[in-house]
Amino acid sequence: MLTENINLYIQQPVQIDMSSYPNILTPPSSSEDSPQSTLYNSPPSCYGIQDSAYILPQTSLAFDFDGATQATAPYLRIVEQPIDRFRFRYKSEMTGTHGSLCGQTSDRSRKQTYPTIELCNFNKRALVRCSIYQHNTKEDHRPHAHRLIKKQGKGEVDDPHDAYVTPEEGYTYVFHSMGIIHTAKKNLVPELIRKKGQLKKEEIARLEGKVRDLTQKEEIEIKGLAESESKSINLNVVCLRFDAFYETNGILLPICPPVYSHSINNLKSALTGELKIVRMDHCTSPAKGGREIFILVERVTKKNIKVKFYELDDEDNIVWEDYGKFSDLDVHHQYAIVFKTPPYKDLTIKSPVKVFIELERPSDRARSEAKEFTYTVSSNIYKPGSKRARPSYDSSSYDTSLASDELPVPINNLCLENSPTGLLDDVQLEVTSAELQQAMRNINSDEFQRIFNDFGQDYSLATDAPNEFKKSVIKSRVVTSTKTSNFRSAKSRPYCQRSDSIEETAMAKQAVLELQNFIKTHPSDEKAVNMLCHYLKEDNKTNALHVSIRQNELMDVMFLLKMIYVWKQHELLNVRSDLYETPLHIATYLNSEEIVANLIVCKASVCVGDSEMNTPLHVAVISNASIAIFEKLFSSEDKTFVDMENNEGNTALNIAIENGNLKALKLLCLNGADINKQHKKNGYTPLRFAIEKQNVDIVKYILQHKDLQALVEDFQDINPLQAAINKDNSELVDVITQYMKQNNYVNVEIKNEVEDYSDDDFEEKFSIKLEQISSEELREMYTNVKNFTPACLDDISQILDQSGTWQNLADLLDLGHLMRSGLCDSKNSPTKLLLKLAIETNGDSVLQIRDFLENLDETQAVEIIDNMVRTQFM
DNA sequence: TAATGTTTCCC
DNA sequence: CGGGAAACATT
């Protein structure tokens, strides 16, 4: 019987450990020539898993198979690993069907896969087996007390699951419809005894050549092992073991060493369950760290959880990492963690740094999905109550007695960041009045032009005329300018938290005067540039421009802007005050349309953040600025600022929604604000924020947006529409349900309970989401489907090829003869061929085929086809 | 007791 | 199906 020329190794374990696995022994007929003392060589690496128990005894080969080398030794290859997280169900939960153990690369919608094994280098029909084992890193494998069940027909059977592989099927086998039953603690020992007994019997059959019952001694031995093992067994991790056997006379001879899948973790356990950050109260921290953050998480164990921060470079390498600081007292009931952020590696960052935050479970080094987090620049501003001295403006900084030849030396390294042309080298120093005029012609602001044309006149006024006269001129202009009517008083403003001191006002006036005087006497002197920079360059300090804007001294502002423009010192416009606001922030806040307009013309940056990283656009929304202000801001050449986030992670759009500012919302949307941008704290989209705010007008407006993705889920996997219909707000619910009807969102799942509202009216409102597609409707849909999708074809072919039902189907379709007449190429799927013939040649309908399959009890295949039709129809 | 772990139940 | 949570058990 064993004389066939087949590729079969008979191996012998080094140690006989009946508790670990069925021993693989030489059959009785050849056992005498395989003594234990034989020299062994190493197993070929192609075994996929190292297992010292399986060593090929060279002298004990059962067969000489034409001098086959190790390269041609048979081995098992796992084609598709099982999914690594799966819910183990208790027996009491196994009523109805739950998901089956699918393959690792399984994809919900595209292609379902299942654990798949291939027997390589073998050329005869063989038995492959799948069973459930304990997952050990050590090379010590024992059956697991959990049960690996497989649905077969209506019932289900326990492992081991045996199946044949043949050359026709490429020596592969797909194990589908399997589930894992969590054996209750009290049943661990009996279950282990049962499995060990089974394996022992197989081993005896191999050794003794026939099947017999276990002796009492053997049973007691098994019982002892089961009891001790039950105490150490890990109930939340299992793996699959695959064997290959050559069957002869009812005895199973191993063809090669078994292989083990990677671990399968119980999705339900806090020890192995999925880690997830569900929400955080803040998504930023100053670079110095220490900010207290609350995060909500899926179930964790307090002694076994860390919060990791890390930064990636462009190639996704970790360039920095640290951990959130907390004790296990800071873990609230397994579902929330309060921690302090670690300091970033560089405490003096100049721009925000994007990092990631994730949960890490030390016990199995599992990690959650990472969420974005931002380290912010410390604005270093004066805060009331802090010990830091308030910036002073002593007169020496603005020394008016500077003679023209004593001006500060040219600021050669006036390196104005972000501005390639910011260096003095690039500045045209010899400015003639003709050039000034030329420069001004390029400015397309009428207002600016007008003021500039008045420059000479003002100039003379400013220098020669008495102060009273000058003031009255300026005043009259301010009053006559209609655009300044919206001007907000600088007093009582929440945003610019202080008004200017007398000294500051004086300083500003002085600076302007000084410059004007200098220019008058030295119209094209390069030193004017130095002077200008001298007054306006220093960041984090209130300068003349800030003050002039705050006080709405239009003439002074325009003068300074002109100087900056002509000498191309645009970066001076982005210098921040002691409150960390740029001129544009201040002008925007004060609703000074004219100044905003001219700042933009002069290329003031719209991207600079204030102490809270609010851009001027944020400020415009916060202060409910006029439409004109928004328009000016959007007229900036820089278009990247629309979606910038402040230190709370809010975009201007978020603030508009939070403030119920529909006007700002519209303006932002019209100017390209991202309507689907998720907040870093919780994944909310603008629509979701509007819904949470229950502002129906705003919700309505957002729902009309052409680019809206209404179903973007938050970190808790709730989409905005689900959130909306759970609100106790009938107006809002009406708007949402109407939207859903219009967009055919029939199958939006409602994850939260609605049963609190038992009145019929309420129920009815939701009926459109809850209703199932009736079978009539489904059949209606079938009439529009002429063929199978490739993905669907793949899936059902796999099932029908496996079960062999394709033959029955062929008969029902009157194609049985064709299929058997040699058309059927064993390399290809017979089902695929059959379905192609049926539809393309016979003209059978998909519905007809579906119904035949239903008659043949191929419920899984039927379901796949139904799903295909459903998804195609929508 | 309070917190955590296990099993059952339910939509 | 897949998920959540109540109920029960243990530490």
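Order of the sequence lines sets the chain letters (A, B, ...), proteins ahead of strands, with each chain counted from 1. Basis for what follows: all heavy atoms, side chains included, without hydrogens, waters or symmetry-related copies.
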Roughly, in whole Å, what's the span from [atom1] in [X] to [atom2] in [N]?
| X | N | atom1 | atom2 | answer |
| --- | --- | --- | --- | --- |
| A:L101 | C:dC1 | CG | C1' | 15 Å |
| A:K185 | B:dT6 | NZ | P | 4 Å |
| A:L188 | B:dG5 | CG | P | 17 Å |
| A:R299 | C:dA5 | CZ | P | 11 Å |
| A:I864 | C:dC1 | CD1 | C1' | 14 Å |
| A:Q716 | C:dG2 | CD | C1' | 17 Å |
| A:E93 | B:dC11 | CD | P | 15 Å |
| A:H333 | B:dT1 | NE2 | C1' | 13 Å |

Residues passing the ring pair (Phe, Tyr, Trp, His ring centres under 6.0 Å) test with A:H679, sequence neighbours excluded, are A:F689

Taking atom types as modelled and ignoring hydrogens, do the side chains of [X] and [Y] form a donor-acceptor contact shorter than 3.5 angstrom?
| X | Y | answer |
| --- | --- | --- |
| A:Y684 | A:R279 | yes |
| A:Q802 | A:E169 | no |
| A:Q112 | A:S106 | yes |

Can you sort out which residues in residues 80-91 of chain A have a heavy atom within less than 4.0 Å of DNA chain B? Ascending by number, please.
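Going residue by residue through residues 80-91 of chain A, the ones with a heavy atom under 4.0 Å of DNA chain B turn out to be A:R87, A:Y90.
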
Rounded distance (nearest 0.5 Å) linking atom CZ of A:R850 with atom CD1 of A:I864
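Those atoms lie 12.5 Å apart.
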
Could you state the interatomic distance from CD1 (A:I83) to CD (A:Q104), rounded to the nearest 0.5 Å?
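Interatomic distance, A:I83 CD1 to A:Q104 CD, rounded to 0.5 Å: 7.5 Å.
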
What does A:E863 touch in the nucleic acid at a heavy-atom separation under 4.0 angstrom: a base, only the sugar-phosphate, or nothing?
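Sugar-phosphate: the residue A:E863, judged by heavy atoms under 4.0 Å, touches backbone atoms but no base.
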
Look at all strands and tell whether A:S269 reaches a base, only sugar-phosphate, or nothing, counting heavy atoms closer than 4.0 Å.
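Result for A:S269 = nothing.
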
Using only modelled atom types and a 3.5 angstrom limit, is any donor from either the side chain of A:K268 or the base of B:dG5 paired with an acceptor on the other?
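It does not, because no donor-acceptor pair links the side chain of A:K268 to the base of B:dG5 below 3.5 Å.
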
Contact under 4.0 Å: A:H182 side-chain N or O vs B:dT6 OP1/OP2
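Result: no.
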
Would you say B:dT6 has OP1 or OP2 under 4.0 Å from some side-chain N or O of A:K186?
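No, outside the criterion.
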
From the set C:dC1, B:dT7, B:dT8, return the single nucleotide nearest to any side-chain atom of A:A184.
B:dT7

Could you pull out all residues at least two apart from A:E93 that satisfy side-chain hydrogen bond (donor to acceptor under 3.5 Å, both in side chains)?
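side-chain hydrogen bond (donor to acceptor under 3.5 Å, both in side chains) check on A:E93 returns A:R87, A:R89.
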
